[in-house]
K.L.:
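The structure follows.
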There are 2 protein chains.
Amino acid sequence: MTIEAAKQKSTTTHAVDSIRSLIFSGELAAGTDHLESELAERLGISRTPVREATLMLAQQGLLEVRPRKGVRICALSVKDMEEVYAVLTELESLAAEDAARMGYSTRELASLKSAIDSMDRAIAEQNLEDWATADDQFHHELVRLGGNSRVQAIVTMMSDQVRRARSITLHIRPLPVKSNEDHRELYEAIKRGDPLAAREIHRRHRSQARELLVGILHRHRLSFL
Amino acid sequence: MTIEAAKQKSTTTHAVDSIRSLIFSGELAAGTDHLESELAERLGISRTPVREATLMLAQQGLLEVRPRKGVRICALSVKDMEEVYAVLTELESLAAEDAARMGYSTRELASLKSAIDSMDRAIAEQNLEDWATADDQFHHELVRLGGNSRVQAIVTMMSDQVRRARSITLHIRPLPVKSNEDHRELYEAIKRGDPLAAREIHRRHRSQARELLVGILHRHRLSFL
DNA sequence: GCATCATTTTGCGTATACATTAATTTATCC
DNA sequence: GGATAAATTAATGTATACGCAAAATGATGC
């Protein structure tokens with residue numbers, strides 16, 4: 001572990017991080033309402049940074065500000081997940097295409113490779129949490145390599161929503177073995193500089209992931225989470 | 001014109017709108033810095049709603065909050081415009097595809113058609129401002145018909161950036177005649193329910209628009225605006 | 001007993017006050 | 001004269017105070 005100066009965050013930043021965590025951990029459950037004053041007290045800070053934090057999180061689609069009713073944590077319907085997956089499919093495919101066009105060296109692709117290896121290991125050990133973490137890392141690396149900062153920002157936002165849904169669905173879906181074959185194939189396409197192949201491989205990958213997830217949600221009657 | 005109750009906006013909302021306008025009109029020029037207190041005084045309000053507004057606008061990519069230096073209005077480099085166009089190309093093409101899949105009636109496509117007609121008229125009259133307005137309307141309608149609310153939100157954000165660049169480039173570029181042929185062709189594809197054609201037509205359209213704009217920016221040495 | 005109106009409470013939006021820290025200026029030392 | 005350090009200023013981040021409007025509660029009339 002690296003030694004880092006304890007970077008002092010502003011209270012507003014702390015509020016953003018804390019509220020995000022509370023949402024992801026489910027302590028602020030989807031669909032529930034929470035007053036500014038309640039959140040402020042919970043975090044031991046005043047309403048001002050809480051307000052600023054909620055405004056930002058609202059822009060990010062994690063909650064809704066409803067005057068006098070408190071902020072409502074966004075519930076994710078199946079339609080929401082379909083929307084999110086559609087956006088991710090498009091933008092990550094673009095990133096894959098762009099990444100393949102960049103002519104990255106093996107060294108520059110090391111972190112992508114490393115993410116894939118981590119996923120392999122996690123699957124071998126049947127450790128779903130590790131797999132999910134590595135999967136996040138893979139997708140994050142992919143868009144980083146794509147080099148479009150706006151795509152990165154959007155994908156990060158959308159990935160947040162996927163992560164929320166996945167915390168529910170992770171344990172009721174099959175081991176994502178095929179998923180990893182796709183990732184390797186994509187890695188190869190990027191390494192050999194084949195933009196169109198990279199694009200199509202990832203597009204297919206995301207489509208299948210989308211259908212898998214939507215299928216699960218429907219079968220388990222998880223229309224909202 | 002419909003009679004509407006003058007909806008009373010909150011001061012924060014007013015601040016967001018005002019600062020946006022000031023940015024679009026160029027009164028807050030790209031690359032310039034502005035203190036919270038300066039903006040507050042300018043708008044005749046306190047710092048609180050200004051802060052909230054700037055935080056939101058920062059999330060939307062229109063400005064950057066730089067502690068102790070004031071907020072900096074984002075300058076758009078050629079790379080920025082390329083990024084924006086890349087995102088728009090992907091997401092609008094998706095919207096076109098989805099719209100074609102919806103099986104909309106002629107009546108439901110009326111506003112799209114109307115936008116195209118407005119563009120035709122504007123071109124005939126060589127009225128570039130009207131053309132730009134109609135073009136915005138067209139793209140807005142297109143993503144609305146696509147039915148993905150996240151795509152709509154993202155495209156709206158990106159369109160803001162295009163609009164800023166366009167206010168500079170509008171008068172130094174050729175009359176967008178070809179552009180309108182594309183729009184008609186897309187309209188037809190959506191009407192007859194041909195998703196793949198709709199997707200490809202719009203993709204091509206956006207690619208060309210992107211190359212046109214980037215070419216202009218380069219030729220005129222407009223690396224930043 | 002129910003509806004309507006008055007009253008009270010609550011939560012939010014905004015302003016303001018205050019503390020903190022970065023930037024700037026000034027003074028001092030070599 | 002230049003550099004360094006102290007002092008001052010300035011801008012932000014945060015807390016608090018306040019007024020208003022919506023919701024909730026209670027009272028009154030029928």
Side-chain angles (χ1 to χ4, degrees), chain A residues 3-23 27-75, chain B residues 3-23 27-75:
Chain A
I3 299 169
E4 277 187 2
K7 69 171 153 187
Q8 66 153 357
K9 298 181 301 188
S10 76
T11 307
T12 298
T13 307
H14 169 251
V16 171
D17 293 346
S18 303
I19 297 173
R20 280 175 66 93
S21 304
L22 291 173
I23 293 174
E27 292 175 71
L28 296 180
T32 58
D33 295 334
H34 306 274
L35 299 176
E36 287 179 2
S37 39
E38 176 206 324
L39 292 171
E41 195 178 4
R42 193 159 177 171
L43 303 182
I45 59 182
S46 78
R47 275 180 48 227
T48 306
V50 170
R51 268 183 73 81
E52 294 182 348
T54 54
L55 285 174
M56 290 198 272
L57 293 169
Q59 295 255 330
Q60 294 171 22
L62 285 179
L63 50 82
E64 240 175 311
V65 177
R66 307 169 12 122
R68 310 205 153 258
K69 310 240 174 137
V71 298
R72 169 163 296 181
I73 310 305
C74 283
Chain B
I3 300 170
E4 278 187 358
K7 67 169 150 188
Q8 66 155 2
K9 298 183 299 185
S10 76
T11 307
T12 297
T13 307
H14 168 250
V16 171
D17 293 346
S18 303
I19 296 174
R20 280 177 66 93
S21 304
L22 291 173
I23 294 173
E27 291 175 71
L28 296 179
T32 59
D33 295 335
H34 306 274
L35 299 176
E36 286 179 4
S37 39
E38 176 206 323
L39 292 171
E41 194 177 7
R42 192 160 177 169
L43 303 181
I45 59 183
S46 76
R47 275 178 49 222
T48 307
V50 170
R51 267 184 74 81
E52 294 181 349
T54 53
L55 285 174
M56 290 198 272
L57 293 170
Q59 296 255 328
Q60 292 171 23
L62 284 179
L63 50 82
E64 237 176 313
V65 177
R66 308 170 10 122
R68 312 206 155 255
K69 310 247 173 126
V71 299
R72 167 163 297 180
I73 311 305
C74 284

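Residue numbers begin at 1 in each chain, while the letters A, B, ... track the order of the sequences. Keep in mind the model is a prediction, meaning the values are calculated, not measured.
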K.L.:
Specify the closest pair of heavy atoms between B/Arg72 and B/Gly31, including all atoms of both residues, with the distance to one decimal.
P.N.:
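Scanning both residues, the minimum pair turns out to be NE-O, 3.7 Å.
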
K.L.:
Work out which heavy atom in A/Ile73 is nearest to a heavy atom in A/Ala29; give both atom names and the distance.
P.N.:
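Reported closest heavy-atom pair: CB-O, 3.4 Å.
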
K.L.:
Please table the atom pairs, donor to acceptor, closer than 3.5 Å between any side-chain atom in residues 57-68 of chain B and protein atoms at least two apart or in another chain.
P.N.:
residue, atom, partner, partner atom, Å
B/Gln59, OE1, A/Gln60, NE2, 3.2
B/Gln60, OE1, B/Arg20, NH1, 3.2
B/Gln60, NE2, A/Gln59, OE1, 3.3

K.L.:
Calculate, to the nearest 0.5 Å, the distance between atoms CZ and CZ belonging to B/Arg51 and A/Arg51 respectively.
P.N.:
12.0 Å

K.L.:
Check the side chains of B/Thr32 and B/His34 for a donor-acceptor pair under 3.5 angstrom, ignoring hydrogens and angles.
P.N.:
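Yes, side-chain donor-acceptor contact under 3.5 Å.
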
K.L.:
Please write out the pairs of protein N or O atoms and N or O atoms of nucleotides 20-22 of chain D separated by less than 3.5 Å, giving the distance to one decimal.
P.N.:
residue, atom, partner, partner atom, Å
D/dA21, N3, A/Arg68, NH2, 3.3

K.L.:
Could you tell me which non-hydrogen atom of A/Leu43 sits nearest to which non-hydrogen atom of A/Ala15, and how far apart they are?
P.N.:
CD1-CA, 4.1 Å

K.L.:
Between the protein and nucleotides 15-17 of chain D, are there any N/O to N/O pairs under 3.5 Å, and if so, what are the atom names and distances?
P.N.:
residue, atom, partner, partner atom, Å
D/dA15, OP2, A/Ser46, N, 2.9
D/dA15, OP2, A/Ser46, OG, 2.6
D/dA15, O5', A/Ser46, OG, 3.3
D/dA15, N7, A/Thr48, OG1, 2.8
D/dT16, O4, A/Thr48, OG1, 3.3

K.L.:
Figure out the CZ/P separation between B/Arg72 and D/dT12, and round it to whole Å.
P.N.:
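Spelled out: CZ on B/Arg72 to P on D/dT12 is 13 Å.
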
K.L.:
Could you tell me how far apart B/Glu38 (CD) and D/dA11 (P) are, to the nearest whole angstrom?
P.N.:
10 Å

K.L.:
Expressed in angstrom and rounded to an integer, what is the separation of B/Leu35 atom CG from D/dA10 atom C1'?
P.N.:
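From B/Leu35 CG to D/dA10 C1': 9 Å.
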
K.L.:
Give a yes-or-no answer on whether the side chains of A/Ser10 and A/Thr13 include a donor-acceptor pair shorter than 3.5 Å.
P.N.:
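Note: A/Ser10 and A/Thr13 side chains meet the donor-acceptor criterion.
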
K.L.:
If every non-hydrogen atom of B/Asp33 is compared with every non-hydrogen atom of B/Glu38, which pair is closest and at what distance?
P.N.:
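Scanning both residues completely, I find the closest heavy atoms to be O-OE1, 4.3 Å.
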
